[in-house]
Amino acid sequence: MNDAASPAARAATAAARAELRHDFAAAEPRWQAEWDRRGCFAVPDVPPAGAEKYYVLEMFPYPSGKIHMGHVRCYTLGDVVARYKRARGHLVMHPMGWDAFGLPAENAARERGIHPGTWTYDNIAAMRAELKRMGLSLDWSREFATCDPEYYGQQQALFLDFLRAGLVERKESWVNWDPVDGTVLANEQVIDGRGWRSGAPVEKKLLSQWFFSITKYAPDLLEALGGLDRWPERVKLMQANWIGRSEGARVRFRLTEPVEGASEVEVFTTRPDTLFGMSFLAIAAEHPLAAVAAAKNPDAAEFIAECRRMGTSEAAIEQAEKRGFDTGFRVAHPFLEGVSFPVWIANFVLMEYGTGAIFGCPGHDERDYEFASKYGLEILPVVLPPGADPATFALTDGAYVDDGTIFNSGFLDGLSVADAKRRVIDRLEATGQGTGVVNWRLRDWGVSRQRYWGCPIPVIHCEACGVVPVPKSELPVRLPEDVDFSRPGNPLDHHPTWKHVDCPSCGRPARRETDTCDTFVDSSWYFARFCSPRAEEPVTGAAVDAWLPVDQYIGGIEHAILHLLYSRFFTRGMRDTGHLTLAEPFAGLFTQGMVTHESYRAADGRWLYPEEVEISLAPDGTRSATVKGGNQPVTIGRVESMSKSKRNTVDPGAIIDRYGADTARWFILSDNPPERDMEWSEAGVAGAFRFSQRLYRMVAAAVPDLPPAGTSAAGAEGAARKLRQATHRTVAAVTEALETFAFNVAVARIHEFANTIGEAEAAAAAEHRGAARREALEAITRLAAPMMPHLAEELWSLLRPGGAALVADLPWPEADPDLLRAETLTLAVQVLGKLRGTIEVPVDADEATVFAAAAAEDNVARSIAGRPIRKRIHVPGRIVNFVV
RNA sequence: GCGGGCGUGGCGGAAUUGGCAGACGCAGCGGAUUUAAAAUCCGCUUCUGGAGUCCAGAGUGUCGGUUCGAACCCGACCGCCCGCACCA
C-alpha cells in the first residue's frame, strides 16, 4: 500500500512534519477573542422574520467555585449541538447563567464567616473565567444569576400571580427538626437519623408552609408525557411512576366503639378485591386516630415518638424494619357481619399517600405479609393462582401479588381480580361504605425553606388582614445584607428589623414572611427568562413566543424527576397566569452520564488525588500504585463518581492548561456514549491531544501543495475518486452521528477518515495532488469543528489564507449521494447460522446469482458438500444462510 | 424497600436495531527513524487448539427459552448506577 515511498523518504517527511505543531495556548484565546469581536453567538430577544430558531440549553450550574468534569462534559455536549445546528442554518440561542441560591453558601457563611452573596459572586467570577476558556458558543449577554434581585424580584411577581390564581396555598407539613441546633434539616443533613452538625436525633416537626398546587395538574402532567417524543423513554416512565395515577377505592371502616367522636377510619386501597383477605387495619403515626391512641396510652405515645425519629425521607421509612403498635381499637368488616379487626399504628404507612390508612391483606401484599408474619396476624389467601387447588393452596413464603381467581370471598368468589375490583366497588357504593376513586402519588410541592440564601416569599402576615401579598410596586423584596450566622436557625427570622413592616392593607404593624423559596423554583423558569433577561417583567411575550420551547435541553439523569417535573408544572402555571402560551418547556431532552474516576487511598487511610499517585503495570497486567515521589503503597479503589470527599477528581483548568480546550472536549466526546457514565483517563486525554496535533500536521504539511480553493473535484477517477467517496461517506456518517447524539461514533468516523487521508498522503500518488485532496482536508476540518472549534478555525485559516470567513459561520458540508453509492457489496454466507465465508456481489445481483455465488465459495462449498439443502435464506444486502 | 437504567477483549466502546461480534481509540508488543531520548510513522493485538497469514471450537454478566440466525426478543437470577419529594 505504501510502496510508493521508501522508508527513508517516509522518515524524512515524518521528521519535517514533526516540526509542525499546533500552539493551542496561543490559538485558543485568539479565536475566542475573534468570535467575541464578531459577536458570532449573540442573538436578539426577538428573532428576525424568517429565521429558523433553535434554543440549546444545558442545565445551568450551581456556582460552587470551580467547574468540574461533569460541567465540561455537559457544556461540551451542548456546544456541539449548538455549533452543529448553527451550521445547519438555524439561529441558535445558547445562554448561560447561575443557579446561585442554596445551602452551600450558607454553610460557607457559618463555617468561614463569608457573606453568602460575596461567596457566591466570587465563585461565579471564577467559574465564568473557566467556562470561557472552553470556547463555548454562548451568548454571554444573557447571563444572570438567580440570586440577582432583578431575577428573584421577577420570581416574586410570578409567586404573587400564582397566589392570585389559586396555585399557591398554605398548609401544614412535616419537616426534619434538629432540636439542638433549632434548625430544619435537609434530608442530606440527616445522617443515620441524626443532625449532621449537632449529632442530635432528628425529630419530625409540623410547620405551616407554602405549597404550589402541582397536584391540580397531575392528570395533564401525566397525559402530556405522551407528546414528548424527543424525551428519553426512561425519563417519561420515571415521571409517570412518580405522578403515580392509580385506580382504587376509598373504604370507610366503622369503629366497633367510637373514640373521641371518631366513628370510622377511611382507607385507600388499590386492591379492594382482596377485602375478604383482610386481617388488620394500619394507620400512619401522624394519623389523627394515632393521636387519640397516644392520649389514652403512654406506650402508643412512645411508639409514635419513635416513628417521628425516623425523619421524613420516604427511602428511610420504607427501608426501616416494619414495626407496629396495636391500639386496641377495632374496626368492623364492611361485609362480614360480626367480624372485626385490630387497628395498628405502623411505621411503613405514609400519611402523605392516600388517606394515611390501609387495610392489611397479608396474603397479597409483600409489606403486609412481612408485618403479619412478625406480629402473628392471620394470613388468608383470597386470590388463587391459575391452576392451583383451592383445597390445598397455602401461602408459605411471601404474598401472591399476581392475577388469579378470587376465592374465600363471599360474593366475589370465582371472579378475576379486575372483575372483583369492579364488583366490590359497586357494592361499597351501593351500601355507602366507600367509593371508587383515582388516587395520585404526586404531592403538592412544598416550597417554604427556613433559610436566608433564597428568594424571599413576598407576603406579609397581618393579625387583622391575614396573609397580604406585597404590592408589586414594592418588589423585589430584597434580602437584607447585614445578617448574623453565628446563631442557629433562620437569620431572616432573627434579623432585628427586616421582618417588621406595616401591613400594606391596613397600615398596622405586621410581619414579613421569613421563609424563602426552594431553589427548585429558581430553576423552574430560568429558561424562559433567558429569552429577555433584562425585561422589567418576568418574561416578554414576543421573546418567549419566538424562542420557546427549548429545542434541546441537556443535563444529568439525576434531574429526571424533580427539576423537570417542577419546570413542566411552572410552565403551565405561567401559561395560566398569562405569561406564556405553551405548556411544555423542553421539546427535546438529553440526559448525560456522570464522569467517574478511580479512587486512591494511602496506607494511613487518607484519600489521594490522581496526580499524587504513580501507577505501574506489572508484566502480568496487574496494576499497582504508589505515592508519587515515594514508595508508600496505595490502594486502588473503585471507579466511581468524582467527588471532593474521595479526591478522585480531575481539575478541568489543569487539563486545559496542559492540553488545551479542544483536546479536553475531544476526549470527553470520544470516550463513550454521552448518556453513559464515562471514566476519565489521563492516557485517553493524551491520545486525544496526539490526534489534534496529527490533524494539524496533516493539514499544515499539505497546504503548500494544494490547488487553489474552489477547484472542482468533480469527475475524479481512480484513487482520487476513492478518496472522494471516503470524504462523502464520512460527511454522511458524521452528520448522522451528530443528529443522534452518537458523538463517540462521530469521533470514530473522523479518526477513520484521518487514517484514510493519511494513507492517501503516504501513497503520494499524483491523483491525490488535486482537488480531491483539498476537499478531504477541508471536510475533515469542518466535520471536526463542532467538537474542536479552535483547531478548526486554525486549520481553516491555513486552508483559506486571507479568507474572511470563520468555520463558525460556514454551512455544514453536504454529502453527494452519487459518491455514497457502492458498486458491489460484501455478503456474509452462513451454513446453519454459522459464518463460513463472504462473497462479493454487485449491488443489483438477483437472488439466483447470489445463491450460486454463495454455494460456490470454497469454504461454504466444503461445508455443504454431501448434505441436502433444506432451506435457503437471503436477506438482500445482509446475509445468505443455508439450512442443511 | 419502591421506581428507573446499565452489564460486549487488558480498558472505553462499535455493531446499519434480529443478519460477518470487537469499527475507532487507549494500553501493550514488535519494527522504522534517531548518537540517544522525546515526537512521528508502520505492523500485530478476544480466548483455546492445530497449522505459514489459514482451519476448527468457544465467546457479548449467569442460567434457560423463541428463531434458519440473538449482544439485540422473552423468563429467572447476579452485580453496579440514578431517584425517592428540604443537596443541586
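Quick caveat: nothing in here was measured; it's all calculated off a predicted structure. In what follows, every chain begins at residue 1, and chains take the letters A, B, ... in the order their sequences are listed. The basis for the numbers below is simple: all heavy atoms, side chains too, and nothing from hydrogens, waters or symmetry mates.
Side-chain polar atoms of A/Glu840 and A/Thr824 form a donor-acceptor pair below 3.5 angstrom. For the residue pair A/Gln450 / A/Gln209, a side-chain donor-acceptor distance below 3.5 Å is found, with atom types taken as modelled. Side-chain N/O atoms of A/Thr120 and A/Trp453 include a donor and acceptor closer than 3.5 Å. Side-chain contact annotation: A/Asp671 with A/Asn744, donor-acceptor N/O pair under 3.5 Å absent. Side chains of A/Asp444 and A/Ser213: no donor on one and acceptor on the other come within 3.5 Å. Between the side chains of A/Asn107 and A/Arg110, no donor-acceptor pair of N or O atoms lies under 3.5 Å.
Going from atom CG of A/Leu350 over to atom C1' of B/rC84 covers 11 Å, rounded to whole Å. Distance A/Met238 CE to B/rC84 P: 11 Å, rounded to the nearest Å. Rounded to whole Å, atom C1' of B/rU40 lies 16 Å from atom OH of A/Tyr696. Whole-Å rounding puts the A/Trp666 CH2 to B/rC26 P distance at 12 Å. Nucleotide B/rG83 holds its P atom 17 Å from the CD atom of A/Glu318, rounded to whole Å. With rounding to whole Å, A/Asn859 atom CG is found 10 Å from B/rC54 atom C1'. The CD1 atom of A/Ile557 sits 12 Å away from the C1' atom of B/rG3 (whole-angstrom rounding). Taking atom CG on A/Leu669 and atom C1' on B/rG25, their separation rounds to 13 Å, with Å as the unit.
The nearest heavy atom of RNA chain B to A/Arg367 and to A/His751 marks one nucleotide each, and the one closer to the 5' end goes with A/Arg367. Position along RNA chain B of the nearest nucleotide to A/Gln693 versus A/Lys871 favours A/Gln693 as the more 5'-ward residue.
Nucleic acid contact for A/Lys834: sugar-phosphate only, since backbone atoms but no base atoms lie under 4.0 Å from a heavy atom of the residue.
Spacing of P atoms, B/rC42 relative to B/rU33, comes out at 15 Å, to the nearest Å. A distance of about 40 Å separates the P atoms of B/rU48 and B/rU35, rounded to the whole Å. Using atom P as the reference point in both B/rG13 and B/rC86, the two lie 34 Å apart (nearest Å). For the C1' atom pair drawn from B/rU53 and B/rG59, the interatomic distance equals 22 Å after rounding to whole Å. Annotation: B/rU62 and B/rG28 have their C1' atoms spaced 30 Å apart (nearest Å). Nucleotides B/rC41 and B/rU46 are separated by 22 Å at their P atoms, to the nearest Å. Comparing the C1' positions of B/rC78 and B/rA39 gives a spacing of 47 Å, expressed to the nearest Å. Taking atom C1' in both B/rC24 and B/rG9, one finds a spacing of 14 Å when rounded to whole Å.
Contact check, A/Arg836 against B/rA56: a side-chain N or O comes under 4.0 Å of OP1 or OP2. Checking the phosphate oxygens (OP1, OP2) of B/rC26, a side-chain nitrogen or oxygen of A/Arg690 falls inside 4.0 Å.
A cation-pi geometry, defined here as NZ or CZ lying under 6.0 Å from the six-membered ring centre and within 45° of its normal, does not hold between A/Lys322 and A/Phe371. Relative to the ring axis of A/Phe851, A/Arg872 places its NZ or CZ within 45° and under 6.0 Å from the centre.
Anti is the glycosidic conformation of B/rG69, whose angle departs from 0 by more than 90°. Classification of B/rU17 as syn follows from a glycosidic angle within 90° of 0.
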* **CA sep, side-chain torsions, deciding dist, call: A/Glu370, A/Arg367, salt bridge (charged side-chain N to carboxylate O under 4.0 Å, His left out)** => CA-CA 5 Å; A/Glu370 195 184 324; A/Arg367 287 174 305 181; over 6 Å; no
* Apply the test salt bridge (charged side-chain N to carboxylate O under 4.0 Å, His left out) to residues A/Arg441 and A/Glu314: give CA-CA distance (whole Å), side-chain angles for both, the deciding distance (0.1 Å), then the verdict. => CA-CA 12 Å; A/Arg441 207 187 78 98; A/Glu314 193 174 308; 3.3 Å; yes
* Evaluation steps, salt bridge (charged side-chain N to carboxylate O under 4.0 Å, His left out), between A/Arg197 and A/Glu111 -> CA-CA 11 Å; A/Arg197 275 185 221 284; A/Glu111 282 159 18; 3.4 Å; yes
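In this structure, A/Thr183 contributes its side chain and A/Pro488 its backbone to no donor-acceptor pair below 3.5 Å. A donor-acceptor pair is defined here as one N or O able to donate and one able to accept, closer than 3.5 Å; such a pair exists between the side chain of A/Glu857 and the backbone of A/Asn859.
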Output a table of nitrogen or oxygen pairs between the protein and nucleotides 14-22 of chain B separated by less than 3.5 Å.
residue : atom : partner  : partner atom : Å
B/rA14  : OP1  : A/Asn744 : ND2          : 3.2
B/rA14  : OP2  : A/Arg676 : NH2          : 3.4
B/rG19  : N2   : A/Gln830 : OE1          : 3.2
B/rG19  : N2   : A/Asn881 : ND2          : 3.4

Protein N or O to nucleotides 85-88 of chain B N or O, pairs below 3.5 Å:
residue : atom : partner  : partner atom : Å
B/rA85  : OP1  : A/Asn187 : ND2          : 3.4
B/rA85  : OP2  : A/Glu314 : N            : 2.9
B/rA85  : O5'  : A/Asn187 : ND2          : 3.2
B/rA85  : O2'  : A/Arg443 : NH2          : 3.3
B/rA85  : N6   : A/Arg441 : O            : 3.0
B/rA85  : N1   : A/Arg443 : N            : 3.0
B/rC86  : OP2  : A/Arg449 : NH2          : 3.2
B/rC86  : O4'  : A/Arg449 : NE           : 3.0
B/rC86  : O4'  : A/Arg449 : NH2          : 3.1
B/rC86  : O2'  : A/Leu185 : O            : 3.3
B/rC86  : O2'  : A/Asn187 : N            : 2.7
B/rC86  : O2   : A/Arg451 : NH2          : 2.4
B/rC86  : N4   : A/Gln209 : OE1          : 3.3
B/rC86  : N4   : A/Gln209 : NE2          : 3.3
B/rC86  : N4   : A/Gln450 : OE1          : 3.1
B/rC87  : OP2  : A/Glu188 : N            : 3.4
B/rC87  : O4'  : A/Glu188 : OE1          : 3.2
B/rC87  : O4'  : A/Glu188 : OE2          : 3.3
B/rA88  : OP1  : A/Leu103 : N            : 3.0
B/rA88  : OP2  : A/Thr519 : OG1          : 3.0
B/rA88  : O3'  : A/Asp99  : OD2          : 2.9

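Residue A/Arg862 has its side chain nearest to B/rC55 when only B/rC68, B/rC55, B/rG3 are considered. Across B/rC24, B/rG4, B/rG1, the shortest atom-to-atom separation from the side chain of A/Leu237 is found for B/rG4.
When all heavy atoms of A/Ser524 and A/Phe570 are compared, the closest pair comes out as O-CB, 3.5 Å.
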* Could you provide the dot-bracket string of RNA chain B, using ( ) for intrastrand pairs, [ ] for crossing pairs and | for bases paired to another strand, with Watson-Crick or G-U pairs below 3.5 Å? => (((((((..(((......[....))).(((((.......))))).(((((...)))))..(((((..]....))))))))))))....
